[in-house]
Amino acid sequence: MQSLSSSFYQRSTKQIAKDLLGKILVRKYKGKEYRARIVETEAYLGIKDKACHSFGDKRTPRTLSMYLEGGHAYVYLIYGMYHCLNVVTRSTKYPEAVLIRAAEPLIGFKDSGKKLLAGPGKLCREMKITKAQDGRYLSSKELMITDDGFKVKNSQIISCPRIGVDYAGKDKDLSLRFYIKDHPSVSCYFRK
DNA sequence: AGTGAGATGGCCT
DNA sequence: GGCCATCTCACTA
C-alpha cells in the first residue's frame, strides 16, 4: 500500500481537495491500524483567503506547518478540546491546506456507524490524531493517505460554502467545501 | 427539527 | 480578554 506521491500535493489546492474524495486515510497507533475513506474536504487558500489561518502571511507557531512542503500534516487544536487534520498543499511559498472534514469508517473501529467520523473533530478523536502528528509527513509510518482505486465521478462531487467561517467576510461564500453526493458519512447534508 | 449553551485551552492583540 | 475551520446534550414545539 503506497502513500500518494509528492507530485499529487503540488497541484492546485482546490483540485487536491476534490481529488482527496474517495482516498483512504490510514492511521497506525499503538499497534492498531485504522482505515477510513475520505468523503468530505475543504480547501483553504493561503494568504489571500480570510478564512485561512495563514491569511496575510501570518507565520505563528500554530501555522508554521502550513509553510511546509505539500504532503505534510497540519493539525491544530480548536475550541480547547478538538483537533482538526489538514493536508498541506503546494510548495513552501504557498501556505495552503485541505481540511479533512469527514470519512467513512472501514477498518479498525469498534463502532463502525456511518456517522462515526462525520466531522473534523470526531474524525481526529476516533483516529487518535493530535498535535503529535502536526508537521509530520504523510508517509506510511503513523499516518498516510492511499489510493485503492476507488473512483469518484465529477458528477458525484458537490461543492458549497465552507462551514464555520462566518467571520471571513466575502470569503465565507467561496464554494470550497466538497463532498460525495448523498454519502451517509458526510458531516451534514443541509447547506446551500 | 431546530435552537442554544457549555466544555475548555492555546493563540493572538 | 476574546476568539475560534466543534460536538453534545438539553431544551422548545
Side-chain angles (χ1 to χ4, degrees), chain A residues 9 12-18 20-21 25 27 36 38-68 70 72-90 94-105 109-136 138 143 145 157-180 184-192:
Chain A
Y9 297 109
S12 89
T13 299
K14 195 170 162 181
Q15 190 61 49
I16 293 167
K18 286 192 265 191
L20 281 173
L21 296 176
L25 185 62
R27 166 77 171 132
I38 297 167
V39 299
E40 178 179 342
T41 60
E42 280 177 4
Y44 285 85
L45 303 184
I47 63 175
K48 298 186 299 295
D49 178 2
K50 282 200 171 75
C52 188
H53 292 160
S54 59
F55 174 70
D57 204 15
K58 193 160 59 177
R59 281 177 196 257
T60 67
R62 180 176 68 157
T63 64
L64 217 52
S65 50
M66 252 200 286
Y67 288 84
L68 295 171
H72 285 81
Y74 168 45
V75 183
Y76 65 91
L77 181 69
I78 189 70
Y79 303 117
M81 54 177 82
Y82 297 105
H83 294 274
C84 290
L85 169 66
N86 294 252
V87 173
V88 176
T89 59
R90 305 187 68 190
Y94 300 92
E96 306 186 6
V98 174
L99 172 67
I100 308 298
R101 282 196 56 89
E104 173 189 10
F109 304 95
K110 280 199 189 104
D111 168 12
S112 58
K114 294 290 184 191
K115 293 286 183 192
L116 184 70
L117 311 175
K122 295 167 77 176
L123 185 146
C124 286
R125 189 220 295 152
E126 299 301 325
M127 297 189 81
K128 322 292 185 197
I129 294 166
T130 67
K131 280 195 78 75
Q133 278 67 241
D134 183 45
R136 305 299 305 275
L138 294 168
L143 188 62
I145 299 175
I157 298 177
I158 307 292
S159 61
C160 65
R162 294 169 291 184
I163 291 182
V165 295
D166 288 347
Y167 60 87
K170 282 180 187 166
D171 291 339
K172 80 173 163 47
D173 298 320
L174 294 173
S175 217
L176 293 174
R177 177 189 178 215
F178 305 98
Y179 60 91
I180 299 178
S185 297
V186 304
S187 64
C188 60
Y189 296 108
F190 309 107
R191 206 88 183 191
K192 76 168 188 160

Tabulated below should be each protein N or O lying under 3.5 Å from an N or O of nucleotides 11-13 of chain B; please produce it.
residue	atom	partner	partner atom	Å
B:dC12	OP1	A:T60	OG1	2.1

Can you list, pair by pair, the side-chain donor-acceptor contacts under 3.5 Å of residues 120-127 of chain A, counting residues two or more places apart and other chains?
residue	atom	partner	partner atom	Å
A:K122	NZ	A:K115	O	2.9

Assess, by modelled atom type and distance only, whether the side chains of A:Y44 and A:D171 contain a donor and an acceptor separated by less than 3.5 Å.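 The criterion, which ignores hydrogens and geometry beyond distance, is not satisfied for A:D171 and A:Y44.
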Can a side-chain donor-acceptor contact be found between A:T13 and A:E96 if the only test is distance below 3.5 angstrom?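 There is such a pair (donor and acceptor under 3.5 Å, judged by atom type) between the side chains of A:E96 and A:T13.
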Does A:G119 offer a backbone N or O that forms a donor-acceptor pair with the side chain of A:S187 under 3.5 Å?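 No: the side chain of A:S187 does not pair with the backbone of A:G119.
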Between A:I100 and A:L20, is there a side-chain heavy-atom distance shorter than 4.5 Å?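 With C-beta onward as the side chain, the pair touches.
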Student check: side-chain heavy atoms of A:K172 and A:K50 closer than 4.5 Å: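 Contact flag for A:K172/A:K50 side chains = no.
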Please identify the 5'-most and 3'-most nucleotides of DNA chain C with any atom under 4.0 angstrom from a heavy atom of chain A.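 So the contact region on DNA chain C extends C:dC4 to C:dT8.
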Mind listing the closest non-hydrogen atom pair of A:T60 and A:T63 along with its distance?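 Looking at all heavy atoms of both residues, the closest pair is N-OG1, 2.9 Å.
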A:E40: which of A:R162, A:R177, A:K18 passes salt bridge (charged side-chain N to carboxylate O under 4.0 Å, His left out):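 Testing each of A:R162, A:R177, A:K18 against A:E40, the sole residue satisfying salt bridge (charged side-chain N to carboxylate O under 4.0 Å, His left out) is A:R177.
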Does the cation-pi check pass for A:R90 over A:Y9, that is, NZ or CZ under 6.0 Å from the six-membered ring centre and within 45° of its axis?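 Relative to the ring axis of A:Y9, which defines the angle, A:R90 lies outside at least one limit.
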Are more than 12 heavy atoms, taken from residues, nucleotides or ligands other than A:K48, located less than 6.0 Å from that residue's NZ atom?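 At most 12 heavy atoms, drawn from other residues, nucleotides or ligands, come within 6.0 Å of this atom.
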With a sphere of 6.0 Å drawn around OH of A:Y94, does it hold more than 12 non-hydrogen atoms of other residues, nucleotides or ligands?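 No.
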Heavy-atom protein contacts under 4.0 Å, nucleotides 3-8 of chain B, coded B base, S sugar-phosphate only, - none: ----BB
Which side-chain N or O atoms in residues 81-88 of chain A pair as donor and acceptor under 3.5 Å with protein atoms at least two apart or in another chain?
residue	atom	partner	partner atom	Å
A:N86	ND2	A:Y74	O	3.3

Secondary-structure notation, DNA chain C, from Watson-Crick and G-U pairs under 3.5 angstrom (| other strand): ||||.|||||||.
